[in-house]
Amino acid sequence: MKGVKKSLTEEYLYLDFSHQKEGCIFPLHTSVTLFLLSYCDCKIFKVYLVLTRESTDIPLLKDVLSQDVEIQIISRQELPPIVQSCCLPAIVERPEDFCRAGLAVVLRYIIQKSYEADPSKKEILELLGFKKTCLKACAEVSQWTRLCEFTIPLAIENFLKESADRHPTIPEEILQLEKKLSEPVRVHNDDKLRRQKLKQQRAPGDGPSLAKGKMQSKVDRQKTSEELGSSSKSLELKMAFSKLMVQEEPATTTNGDASHIRKAKASDLPPLEHVFAEGLYFTLADIVLLPCIHHFLLIICKKLSEKLVEFPLLSAWYQRIQEVPRVKTAASQCGIHFLHLPALLTSSNEQHSNLNEATGVEEQNDPSFVGGPRPTMTKLMEKGIEVMFSPHPCPTWTLDWNSLPAAVSPKEGKMPYDRALRKQQQLNNLVYVVTNRAKPGDRIVDFCSGGGHVGIVLAHMLPSCQVTLIENKELSLIRAKKRSDELGLSNIWFIQANMEYFTGMFNIGVALHACGVATDMVIEHCIKTRASFVTCPCCYGFIQNTSKFNFPKSEQFKKTLSYKEHMILCRFADQTAVQLPPQRRLIGKQCMCLVDLDRARAAEERGYSVQVISMEPESCSPKNNMIVGVPI
């Protein structure tokens, strides 16, 4: 076909299959992936369903699988070794040393490859949203990615299981999504669009006064989903569907507008309302949510119809998404047959007020809190907790960089000479510790590997060990693979995935400058596997309570510091830049040590021997701590 490029690399897509029910393949990640393949009309990949248990549903699969996609069924034991170390979905290319794993990573790659195969399908690329960032941020740091990728699919699966025996409880995640849809939309040209909407509201027939403009905005919120779907007046809908039809978007310039429109205060402008999940435009987030919300509404209509009125915005979204070109066709090919929902009035935001995040709120008005690092450090000293580093095992050791192949050195990358030299010094520290712990046959994982500076050196230095690089940024891993190919390394794997999607066993985990709580995630991953860890933390100022971690972490620190006091240490730990006065840098270094001692004590409480070491030379990086842990 003209304009369609054939991929030279054969790529394999592996999807979990546990069972199918009422036209839905489980787990929902698989349904979502198949729906996207159908929507993109993508036939690039060889698709395999991987049985998670003995299933009796295989003969029924033909009823819910698209006839256009050829699918084979295999057992987990038949997966390539690199894929066996990952959660599915996963895509692997030949040779089997580069794997993409996890829902968001896999879906974004399918979109990218579909567009590359046929660049005329610009609407496919538009699924990635503004600046191509839709669901790009890791689920570990983005609440929105986590909601779409993890919590909603899992919550709906549990909801469906629960509904088989009794009246199920509405998942909190669905309430969060309904609240999200009620929030004003923020877009890059927000001000222009809101002025255009104000102009539209003040057009003849809508009344000239600002007060009436505000009232109109409230009335708009009371439209039924049916009215909103067919409205010719909604600016948001015009913007959304002009993009879907690949038409020119409605003009948003305000240069020729009346002065009262141009001079209106930002606080007086009407908010933009959601058309789709992320705002005005149809994106990958809508693709992910559709199979999940469809099966949620299926149960609601069957067993809890009286609850439907609690989800007017979700119902409006569900009906509106059916108007998107090709959605109905793709859905029917995947066994999704849309429901006809009654028209519902949208409700106010008040019912969602109890869903606000409460993380750290209890510390906001702590009357005993005294600011600054010194009172906090004094408080720790009074409990016998002082800044103390373990001695460096070999401060003068260095790799013979001049004798190593050029592709091993970070100088081969795009970084400036001085930075590359400091990177070599950092690597000397980590490589010494790892090479002295590693045994032949060990599996070593370089978490948050970036361009592979640590992992490639280790793979070259330890040919009898298997080294795996895990990184969420595709371009960084591609650069790492190119360097590895130049070196002819055969003991190295590359996995583009969030850390949570790596499930393989390993002996040593390494991370150089894993940002904020990513260091804590690496340590946690190693502890769960009973692996040794060598981590160099970074970005202490980004540390905060998450769904997985509460700070301080260790019992010893918890008894002494509040969350707010610990955050003070973290903020000052980031003040170690060379441009700062020496005394301020010293305090920053001490705060770094205390934050890392808390991490060390927490690991010791779980059966590890841990040291906090200062890397040599200290000038190799402002973030020059190294936490080394060995299971006892």
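Values below: every heavy atom of this structure, side chains too, minus hydrogens, waters and symmetry copies.
Using modelled atom types, one side-chain atom of Thr30 and one backbone atom of Asp16 make a donor-acceptor pair closer than 3.5 Å. A distance-only check finds no donor-acceptor pair linking the side chain of Glu178 to the backbone of Ile174 [under 3.5 Å]. Side-chain N or O atoms of Arg326 include none that pairs as donor or acceptor with a backbone N or O of Ser38 at under 3.5 Å. The main-chain N or O of Ile110 is found under 3.5 Å from a side-chain atom of Ser114 such that the two form a donor-acceptor pair. With hydrogens and angles ignored, the 3.5 Å screen pairs a side-chain donor or acceptor of Thr503 with a backbone N or O of Ser85. Without hydrogens or angle criteria, Thr468 side chain to Val445 main chain gives no donor-acceptor distance under 3.5 Å. Looking at Glu278, its side chain never comes within 3.5 Å of a backbone N or O of Thr283 through a donor-acceptor pair. Put simply, the side chain of Glu78 gets close to the backbone of Ser75: a donor and an acceptor are under 3.5 Å apart. A donor-acceptor contact shorter than 3.5 Å links the side chain of Thr529 to the backbone of His525. Side chain of Asn550 to main chain of Asn545: no donor-acceptor pair is present (N/O by atom type, distance under 3.5 Å, no hydrogens or angles).
Shown are Ile336, Ile25, Leu290; of these, the side chain to side chain contact (heavy atoms under 4.5 Å, CB included) with Ser31 is made only by Ile25. Shown are Val32, Ile156, Leu34, Leu36; of these, the side chain to side chain contact (heavy atoms under 4.5 Å, CB included) with Pro291 is made only by Val32.
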Point to revise | Check against side-chain contact (heavy atoms from CB on, under 4.5 Å), Ile170 and Phe311 | key: CA-CA 11 Å; Ile170 303 293; Phe311 305 101; 3.5 Å; yes
Practice item. Would you check, one step at a time, whether the test side-chain contact (heavy atoms from CB on, under 4.5 Å) holds for Phe338 with Val327? Key: CA-CA 10 Å; Phe338 285 106; Val327 161; 3.8 Å; yes
Exercise for review: Could you go through the side-chain contact (heavy atoms from CB on, under 4.5 Å) check for Leu147 and Gln176 one step at a time?
Suggested key: CA-CA 9 Å; Leu147 191 69; Gln176 289 175 9; 3.3 Å; yes
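Side chain to side chain, Tyr109 and Glu11 meet the donor-acceptor criterion of an N or O pair below 3.5 Å. Side-chain contact, Glu471 with Ser476: no donor N or O sits under 3.5 Å from an acceptor N or O. Residues Glu123 and Tyr115 have side chains that never bring a donor and an acceptor to within less than 3.5 angstrom of each other.
Of all heavy-atom pairs spanning Lys548 and Met521, the tightest one is NZ-CE, 4.4 Å. Here the shortest heavy-atom pairing between Leu280 and Glu273 reads CD2-O, 3.7 Å. Nearest heavy atom pair, residue Ile82 against residue Cys99, reads CD1-CB, 3.8 Å. Here the closest heavy-atom approach between residue Val288 and residue Cys148 is recorded as CG1-O, 3.4 Å. Minimum interatomic distance between Thr33 and Pro89 (heavy atoms only, all atoms of both residues): OG1-CG, 4.1 Å. Heavy atoms only, all atoms of each residue included: Phe542 and Cys515 are closest at CD1-SG, 3.4 Å.
Other residues, nucleotides and ligands place more than 12 heavy atoms under 6.0 Å from the NZ atom of Lys303. For CZ of Phe549, the number of neighbouring non-hydrogen atoms (other residues, nucleotides, ligands) closer than 6.0 Å is greater than 12. Other residues, nucleotides and ligands place no more than 12 heavy atoms under 6.0 Å from the NZ atom of Lys161.
With salt bridges taken as basic N to acidic carboxylate O contacts below 4.0 Å, one links Arg100 and Glu93. Between Glu173 and Arg146 there is no salt bridge, since no side-chain nitrogen of the basic residue lies less than 4.0 Å from a carboxylate oxygen of the acidic one. Between Lys122 and Glu126, no side-chain nitrogen of the basic residue sits less than 4.0 Å from a carboxylate oxygen of the acidic one, so the salt-bridge criterion is not met. We find that Glu323 and Lys328 are not joined by a salt bridge, their nearest charged nitrogen and carboxylate oxygen being 4.0 Å or further apart.
In this structure the side chain of Lys132 never reaches within 4.5 angstrom of the side chain of Lys136, judged on heavy atoms. Counting heavy atoms from C-beta outward, Asp41 and Lys121 have side chains that approach closer than 4.5 Å. By the 4.5 Å heavy-atom criterion applied to side chains, Glu162 and Ile299 are not counted as neighbours. Looking at heavy atoms from C-beta onward, Tyr318 lies in side-chain contact with Leu339 at the 4.5 angstrom threshold. In this structure, the side chains of Phe35 and Gln333 stay at 4.5 Å or more apart for every pair of heavy atoms. In this structure, Tyr48 and Ile71 have side chains that are not in contact, with every pair of non-hydrogen atoms separated by 4.5 Å or more. Side-chain contact check for Phe551 versus Gln544: every heavy-atom pair is 4.5 Å or farther apart. Contact of the Phe276 side chain with the Val324 side chain is registered, since non-hydrogen atoms from C-beta on lie closer than 4.5 Å.
In this structure, NE2 on His274 lies 10.5 Å from CZ on Arg320, to the nearest 0.5 angstrom. Note that the CG atom of Leu88 and the CG atom of Leu103 stand 11.5 Å from one another [nearest 0.5 Å]. For the atom pair CD of Glu474 and CG of Leu477, the computed distance is 8.5 Å after rounding to the nearest 0.5 Å. Going from atom OG of Ser449 over to atom CD of Gln496 covers 10.5 Å, rounded to the nearest 0.5 Å. Separation of atoms CG (Leu28) and SG (Cys292) is listed at 4.5 Å; rounding is to 0.5 Å. To the nearest 0.5 Å, the span separating CG on Leu284 from CD on Glu149 amounts to 10.0 Å.
The aromatic rings of Tyr501 and Phe150 lie parallel to each other, with less than 30° between the two planes, well short of the 60° mark. Phe502 and Phe447 have perpendicular rings, their planes meeting at more than 60° on a 0 to 90° scale where under 30° would count as parallel.
Taking the six-membered ring for Trp, Phe159 and Phe296 have ring centres closer than 6.0 Å. For Tyr281 and Phe130, the gap between ring centers reaches or exceeds 6.0 Å.
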